[in-house]
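The structure under discussion appears below in the form of structure tokens.
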Amino acid sequence: MESSSNLLEKVLTDLKKVGGIEAAAIASRDGILLKSIMPMEQYAETFAAMSATMLGAAETAVTELDKGIPDRVIVESEHGKLITIGAGPKALLVVLTTQNAGLGLILLEVEKASKQVKEIL
Amino acid sequence: MVNSMLETGIPRLDEYLSGGIPEGKTLIYLNHPGVEGDVFGMQTLYHCLTTGNNCIYIASSLHPKMLIDQFSEFGWAMDKYKDRLNVIDAYSSLVGDISSEKYIVPDPEDINSITEVIDQVIKDVPKGSVFVFSSLSTIMDLCGEENTINAVRSWNKSAKTNKIVNVYNFTAWPYTESTLAQIKTDLFNCVINVGGIAQQVIYGQYFGVAKADWLKLQEKSMLFRVLRPGGIKIYLPKILVTGPFNAGKSTFVHSLSTRAVSVDRKGTTIALDHGHIDYKGFSADIFGTPGQDRFDPIIKMISGEAMGVFLVVDSTNPENFNRAQQMLEITTGYGLPYVIIANKQDMPDAISIDDIRTRLNLPEEIPVVSTVATEKRGVFEAFEMLVERITGGI
């Protein structure tokens, strides 16, 4: 049990090594923070809750329109990008990038990490 | 006869133990590897000092200076209590270090050497003193399992005769079955389990009373967090705030929280409010839902794994009570504890608490708390009541 917590931490540490990734967190689908690597730890809970709501709202919106389940939610803003992706039925993964980060490699790594998280849980 | 009880200083634990540890009894914090269990012994030591007890700290895992330094991480100033704190140094001789403590174990690898010093200290300190062992597992690693168990037996016996309380920190490394079994069953008067959980997907740490031979035991475990500074706090990962449109849910979340954020448009919550509160030994995350029924999918989504619910109603608007009942059904489908917040009680047309109780058709044991969220009136009382219902006070 304790070891899976360590495993989740490792997934995040590995993810953080990817160029352009500033912060990463794993949360339950209903918004409880499980693990995070963030410069501002005190906001991690809020970050997790909001990301879960965002992904959930996106899934509800798209599924209602018969377009299947969304792969991910990407928020693009002036100072960076926020990527939220489901990681199995229980959890989700959120990543915050730097301003000029290219999405190609990051999306690939995020996808990989989300699969690892799914397996751990 | 009721002896004076020694408080552990761990939130809720003293209530579970009906007041604390009686004189002459012994308690062990049985920590699973990987959890922050050592803090329990430290917090108990510090609490006992603040409540005017004489304490003895047996330093076996690190140099006493470093062990005492660790307390400052939690904001616990040990300097103030110097005259009531004695340290037994069962470490320095091991590494050939200089010790400035009055009591030094000459050979920490010999259990008799430790016992001799303890016996000496017992003679020097007043009755009712508290012995806290920083780490029984390190003593066990140095002196052998059987020797240590036998020694603990004699230490506990002299605790009984000298009306002393022994508190041990112990990490349950893979020792032999029989060692662990003795520790869990007959060696101590009280065993507190400190472990980690992966229930659902919450990765948390919990503690629970596994044994306490002076009372009838209630099965109860509590999630906790270790704050620096602050020490051990009961952790409630999710408390839900729900209720009809315009009842004051967001205001309630904000007035309760140490810090909070909302996703809203024109004053109406469209996604959720999120707040965090640190209050009287409790640390909780508060999730506020939207009120309008078009957001019901979101309410269902974020209400998973909640530990308790605040239902906020507008006391001036009884027409909305049907909706309130409906929301209660959505969120407490699994029989969660809840408290009704009768908000806007300062308005002239607010209906009475009794009236609200009748109209919502509430069972008698459900508290209805009168609040004015805009002025923070009643919100902390409500929080205490819900926490009480969640953690099941005695």
Side-chain angles (χ1 to χ4, degrees), chain A residues 1-12 25-36 40-65 69 73 75 82 84 86-94 114 117-121, chain B residues 31-37 195-206 223 225 227-228 235-240 253 257-263 269-278 283-290 294-307 331:
Chain A
M1 57 190 187
E2 195 48 40
S3 67
S4 44
S5 169
N6 290 346
L7 287 174
L8 287 183
E9 179 133 21
K10 190 161 179 304
V11 172
L12 290 182
I26 298 165
S28 74
R29 287 270 180 176
D30 42 27
I32 295 177
L33 180 70
L34 301 181
K35 267 278 177 277
S36 68
M40 288 179 294
E41 281 294 335
Q42 70 268 34
Y43 298 116
E45 274 105 5
T46 309
F47 182 61
M50 292 301 163
S51 304
T53 317
M54 215 166 65
L55 186 64
E59 287 189 354
T60 313
V62 179
T63 320
E64 291 287 301
L65 296 172
I69 300 165
V73 174
V75 180
L82 184 77
T84 309
K90 289 178 180 172
L92 59 93
L93 179 70
V94 212
S114 85
V117 173
K118 183 183 173 184
E119 269 160 39
I120 294 166
L121 297 170
Chain B
N31 308 326
H32 293 262
V35 303
E36 294 169 289
I197 48 159
Q199 191 194 28
Q200 300 289 333
V201 284
I202 301 175
Y203 281 89
Q205 307 185 95
Y206 73 90
L223 287 173
R225 266 185 162 190
L227 299 187
R228 292 179 173 80
Y235 179 44
L236 307 161
K238 186 182 279 185
I239 290 180
L240 219 57
V253 171
S257 304
T258 325
R259 52 168 199 273
V261 292
S262 298
V263 182
T269 304
I270 53 166
L272 94 153
D273 309 300
H274 183 265
H276 182 82
I277 170 170
D278 289 312
S283 168
D285 283 317
I286 316 277
F287 289 62
T289 73
R294 63 172 177 276
F295 290 116
D296 279 1
I298 288 185
I299 300 178
K300 277 184 195 139
M301 191 184 79
I302 60 176
S303 60
E305 288 185 56
M307 300 183 84
T331 50

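Please read these numbers as outputs of a predicted model, since none were measured by experiment. Chain naming here is simple, since letters A, B, ... match the order of the sequence lines and numbering starts at 1 in each.
Ion pairing between a basic and an acidic side chain is recognised when a charged N comes within 4.0 Å of a carboxylate O; B/R225 and A/E45 show such pairing.
Here B/I302 contributes atom CD1 and A/D30 contributes atom CG; the two are 9.5 Å apart, rounded to the nearest 0.5 Å. Atom OG of A/S28 is separated from atom NZ of B/K238 by 5.5 Å, given to the nearest 0.5 angstrom. B/F287 CZ to A/T53 OG1: the interatomic distance, rounded to the nearest 0.5 Å, is 7.5 Å.
Within 6.0 Å of the CD1 atom in A/I69, the count of heavy atoms belonging to other residues, nucleotides or ligands does not exceed 12.
Residues B/I298 and A/T60 have side chains not in contact (no heavy-atom distance under 4.5 Å, counting atoms from C-beta outward). Within the 4.5 Å cutoff, no side-chain heavy atoms of A/T46 are placed close to those of B/H276.
The greatest number of non-hydrogen atom pairs below 4.5 Å with chain B, out of A/A49, A/G31, A/A57, is found for A/A49.
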Self-check item: Full working for side-chain contact (heavy atoms from CB on, under 4.5 Å) between A/M50 and B/L272
Solution: CA-CA 8 Å; A/M50 292 301 163; B/L272 94 153; 3.5 Å; yes
